[in-house]
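Quick caveat: nothing in here was measured; it's all calculated off a predicted structure.
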Amino acid sequence: MGRSFVSPSGKGLYMSIILHPEFSINTAPLITSAAAVATAEAIEALSKADVKIKWVNDLYINGKKIVGILTEASVDMEMRALDIAVIGIGINVRSIGDSFDEELRKKATSIEDETGVAVNRNRLCAEVLNRLEVYMRKIENLSFLSAYREREILTGNIITANVGNKQIIGEATGIDDNANLIVQLQSGETIHLNSGEANLCRIKNV
């Protein structure tokens with residue numbers, strides 16, 4: 001989509017977690033949301049930051065992005081089950097300095113730049129994994145979803161989203177039990193967006 005990935009040496013934590021899920025394929029869309037909560041809690045535990053979630057997979061401090069999460073999965077079509085899932089998590093940890101260009105610094109930041117805390121990346125990795133293990137073991141009971149909803153920042157705002165080759169505009173009204181974004185369109189119709197069909201959800205200035 002014409003976007004670049006910037007990972008300056010020594011500044012971030014980049015990890016891929018391989019899962020062999022024992023839950024149903026219908027639960028797969030919840031993996032990214034659970035990972036977002038686990039990562040937010042891990043960052044807060046070590047830095048006392050106030051971490052927010054932008055549906056579905058970005059974490060923010062003070063209105064700037066610090067984390068991106070991407071989940072990919074392989075499906076056993078015969079068994080109608082997940083074969084494997086990989087969660088990729090990238091966290092901006094140490095002070096960015098001049099590692100980002102001016103345009104990127106307007107949108108992205110790091111834990112240290114926002115809190116003044118130089119978080120140990122090994123400890124942060126452990127905190128993320130510990131929390132993620134707990135949520136993955138009980139993902140089907142949706143225990144993480146209330147924390148996700150409390151942190152999510154699109155709700156209550158007019159947003160634009162790309163759905164297929166069409167852009168929609170509406171008010172984000174909440175997160176459903178499948179971690180889909182509920183949007184009321186200008187026509188009055190209510191739709192539920194999943195991460196597979198919508199991208200680049202943005203708050204629209206009105």
side-chain contact (heavy atoms from CB on, under 4.5 Å) between F100 and K11, intermediate numbers included: CA-CA 11 Å; F100 289 175; K11 303 290 187 178; over 6 Å; no
Say you draw a straight line from [atom1] of [X] to [atom2] of [Y]; how long is it, rounded to the nearest 0.5 Å?
X    : Y    : atom1 : atom2 : result
I182 : H192 : CD1   : NE2   : 4.5 Å
L13  : C125 : CG    : SG    : 5.5 Å
I191 : L181 : CD1   : CG    : 8.5 Å
Y148 : L30  : OH    : CG    : 10.5 Å
L145 : E150 : CG    : CD    : 10.5 Å
L59  : N92  : CG    : CG    : 11.0 Å

Minimal non-hydrogen separation, [X] against [Y], with atom names:
X    : Y    : value
I111 : S47  : CG2-CB, 3.7 Å
S33  : F144 : CB-CE1, 3.6 Å
Y14  : G90  : CD2-CA, 3.9 Å
L154 : E152 : N-OE2, 2.7 Å
R131 : A38  : CD-O, 3.5 Å
A49  : E44  : O-CG, 2.9 Å

Checking the side chain of [X] only, and the main-chain atoms of [Y] only, is there a donor and an acceptor separated by less than 3.5 Å?
X    : Y    : value
S95  : E112 : no
W55  : A179 : yes
E72  : S74  : no
N157 : I159 : no
N178 : N180 : no
K64  : R105 : yes
R94  : D113 : no
N57  : I69  : yes

Trace of the side-chain contact (heavy atoms from CB on, under 4.5 Å) decision for V51 with V67: CA-CA 10 Å; V51 181; V67 176; over 6 Å; no
Qualifying residue, where the test is side chain to side chain contact (heavy atoms under 4.5 Å, CB included) with V119 and the options are L124, I91, I43: L124
Test log, rule side-chain contact (heavy atoms from CB on, under 4.5 Å), inputs I87 and I31: CA-CA 8 Å; I87 308 171; I31 294 175; 3.5 Å; yes
May I ask whether [X] and [Y] are part of the same hydrophobic cluster, defined by side-chain heavy atoms of I, L, V, M, F, W, Y residues being less than 4.5 angstrom apart, directly or through others?
X   : Y    : answer
Y60 : V56  : no
L46 : V134 : no
V86 : L82  : no
V37 : L70  : no
I61 : I153 : no

Heavy-atom side-chain contact between L185 and T190 under 4.5 Å: no
Heavy-atom check, side chain of T109 versus side chain of I96, under 4.5 Å: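 Counting from C-beta outward, T109 and I96 never come under 4.5 Å.
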More than 12 heavy atoms from other groups under 6.0 Å of CD on E22: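 No.
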E102 CD: over 12 foreign heavy atoms closer than 6.0 Å: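 12 or below, so no.
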Trace of the side-chain contact (heavy atoms from CB on, under 4.5 Å) decision for R121 with M15: CA-CA 11 Å; R121 288 179 292 168; M15 54 199 298; over 6 Å; no
Modelled atom types, side-chain donor and acceptor of S24 and N26, under 3.5 Å: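 No donor-acceptor contact under 3.5 Å links the two side chains.
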